[in-house]
Amino acid sequence: MRKSSFIIIAIFCLALSACEVEFDIKGLDSEPLFLMDGHVRKDPFSPGGCSFQMYLYGVPSAAGDREFDKDARCSLKVYKNSELIDTKDYITISTFYGLIADFYEGVCPGDEITITAESAGFPAALSRTVIPQEPPAVDVSYSLEGNDLKIRFSFEDNAATDDAYAICFRKIFSNRPPDDSQIGTSFDLSFGELSESSFLDIGPFDVSWEDGDRYYGIFDDTFNGRRKDFEVTVPGVGLLSYEGNVYARIEIQRISPERLRYEIACNDKGSNVLGFIGLSPVTFAYTNVSGGSGVFSSGNVGYSDWVELSLMK
């Protein structure tokens with residue numbers, strides 16, 4: 001742990017021992033809220049529609065009951081361009097439900113997907129996202145420099161759209177060249193730690209998050225309509241320690257900007273330990289859910305070809 005972390009912890013403990021922080025919750029709404037975290041994505045290996053994945057939580061209000069009726073249910077509805085295409089009315093609220101997943105035929109780029117969550121005692125929650133157009137082709141090359149694996153890649157942004165991108169670096173161990181439809185698993189990059197804190201640096205990207213796989217997000221603000229070149233490093237060639245064949249590829253996802261805004265807000269909120277006790281400005285959460293909280297986003301996925309890294313040994 002870095003020295004700065006010890007300083008933050010010491011200040012935090014001192015503040016807690018030196019004063020009391022009082023919160024006046026009078027007048028707060030006693031109704032609970034729905035917290036959504038959902039994503040709908042179009043994949044080239046499932047061309048007939050889009051996959052849908054979502055977590056849904058019931059969050060009690062600080063001014064209301066802290067527990068939900070065990071029999072309470074939520075009705076989740078999904079619309080495509082204002083037309084109802086699915087209703088899920090079996091979702092329990094009293095406990096963590098788990099992953100809600102489905103596949104919707106006929107969903108195309110440009111379609112607006114709307115979700116609503118309704119239950120007695122909750123405000124109705126609603127969020128919308130528009131399926132992005134196909135992502136740009138990504139050019140990628142790999143080279144071994146000392147003990148490090150250098151990955152260089154580039155892609156061209158569309159000047160006509162407000163874009164954001166999610167990049168995932170994927171690997172697969174196989175004795176034969178993998179099929180294009182084999183997705184593989186993600187691997188992390190290392191950019192060290194930020195000099196002002198113990199949090200990890202995210203290199204040339206705007207945010208990083210994990211959703212089963214590690215994604216690196218970037219807005220197109222600095223290269224709108226132009227080609228962007230990236231160079232990242234996998235230190236120590238950990239991928240090449242495997243005795244068999246190792247293959248790598250890049251997943252590039254044109255993604256709705258609200259996902260990146262939400263992940264940035266989550267990271268900012270998680271790192272602002274002093275805001276809770278009034279020693280730094282409060283960090284506010286971003287959401288695109290009306291009547292609730294969280295995020296609902298969409299993406300359109302593309303992949304580079306598999307490249308055999310074992311040849312570099």
Side-chain angles (χ1 to χ4, degrees), residues 28-43 46 49-105 107 111-132 166 207 209-215 217 253 255-267 269-270 284-299 301:
L28 289 180
D29 195 335
S30 61
E31 288 187 324
L33 295 174
F34 282 120
L35 172 61
M36 301 176 171
D37 189 347
H39 190 63
V40 57
R41 55 181 269 171
K42 189 168 182 62
D43 192 287
S46 301
C50 284
S51 61
F52 172 86
Q53 293 187 352
M54 181 177 176
Y55 292 97
L56 181 67
Y57 306 84
V59 181
S61 167
D65 294 334
R66 306 300 296 169
E67 297 182 0
F68 301 121
D69 185 340
K70 66 179 181 179
D71 296 323
R73 294 291 185 271
C74 168
S75 177
L76 178 69
K77 296 181 180 180
V78 183
Y79 300 81
K80 183 186 80 170
N81 300 328
S82 301
E83 178 184 352
L84 180 65
I85 60 175
D86 190 18
T87 299
K88 301 181 186 299
D89 55 8
Y90 53 80
I91 300 169
T92 58
I93 297 172
S94 60
T95 58
F96 169 69
Y97 183 78
L99 178 64
I100 303 166
D102 214 324
F103 186 85
Y104 297 118
E105 298 282 353
V107 177
D111 286 341
E112 181 184 72
I113 304 300
T114 302
I115 55 173
T116 64
E118 298 179 353
S119 182
F122 284 75
L126 178 148
S127 188
R128 295 186 176 92
T129 188
V130 175
I131 307 297
V207 66
W209 72 93
E210 187 166 351
D211 182 18
D213 294 305
R214 172 65 62 181
Y215 284 94
Q253 189 171 163
I255 198 168
S256 51
E258 56 262 25
R259 169 57 61 177
L260 271 63
R261 297 188 186 110
Y262 177 75
E263 298 297 343
I264 289 173
C266 287
N267 289 348
K269 197 171 184 67
F284 293 95
Y286 168 86
T287 181
N288 71 336
V289 179
S290 62
S293 186
V295 68
F296 181 52
S297 59
S298 56
V301 185

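These values consider heavy atoms only, across backbone and side chains, with no hydrogens, waters or symmetry-generated copies. The structure presented is a predicted model; accordingly, all values stated were derived computationally and were not measured.
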Tell me if a side-chain donor or acceptor on S256 pairs with a main-chain N or O of S297 at a distance below 3.5 Å. no

Rounded distance (nearest 0.5 Å) linking atom CZ of R259 with atom CZ of F296: 10.0 Å

So do the side chains of S298 and I113 get within less than 4.5 Å of each other, counting heavy atoms only? no

Separation between NZ (K88) and CD1 (I100), nearest 0.5 Å, reads 7.5 Å

Exercise: identify the closest heavy-atom pair between G294 and T287: O-OG1, 2.6 Å

Heavy-atom distance under 4.5 Å between the side chains of R261 and N288, does that happen here? no

R73 vs I91, test: side-chain contact (heavy atoms from CB on, under 4.5 Å). Steps then yes/no. CA-CA 5 Å; R73 294 291 185 271; I91 300 169; 6.0 Å; no

Whether over 12 other heavy atoms sit under 6.0 Å from E83 CD: no

Are side-chain heavy atoms of V295 and D37 found at a separation under 4.5 Å? yes

Atom CZ of R128 and atom OH of Y79: how far apart are they, to the nearest 0.5 Å? 10.0 Å

Quick one, Q53 and L99 - any side-chain contact, counting heavy atoms below 4.5 Å? yes

The reported gap from CG in D211 to NE2 in H39 (rounded to nearest 0.5 angstrom) is 8.0 Å

Check F34 against G58 and note the closest heavy-atom contact, atom names and distance. CD2-CA, 4.5 Å

Do you know which two heavy atoms are closest between V40 and C50, and how far apart they sit? CG2-CB, 3.7 Å

Identify the heavy atoms of K42 and G49 that sit nearest to each other, and give their distance. NZ-O, 3.5 Å

Least distance between heavy atoms, Q253 atom then Y215 atom: NE2-CE2, 3.8 Å

Hey, could you give me the CH2/CG distance between W209 and N267, rounded to the nearest 0.5 Å? 10.0 Å

Nearest 0.5 Å please: distance from the CG atom of L33 over to the OH atom of Y57. 15.0 Å

Which atom pair, heavy atoms only, marks the closest approach of P32 to G121? CD-O, 3.3 Å

Tell me, do V59 and S293 make a side-chain contact under 4.5 Å, heavy atoms counted? no

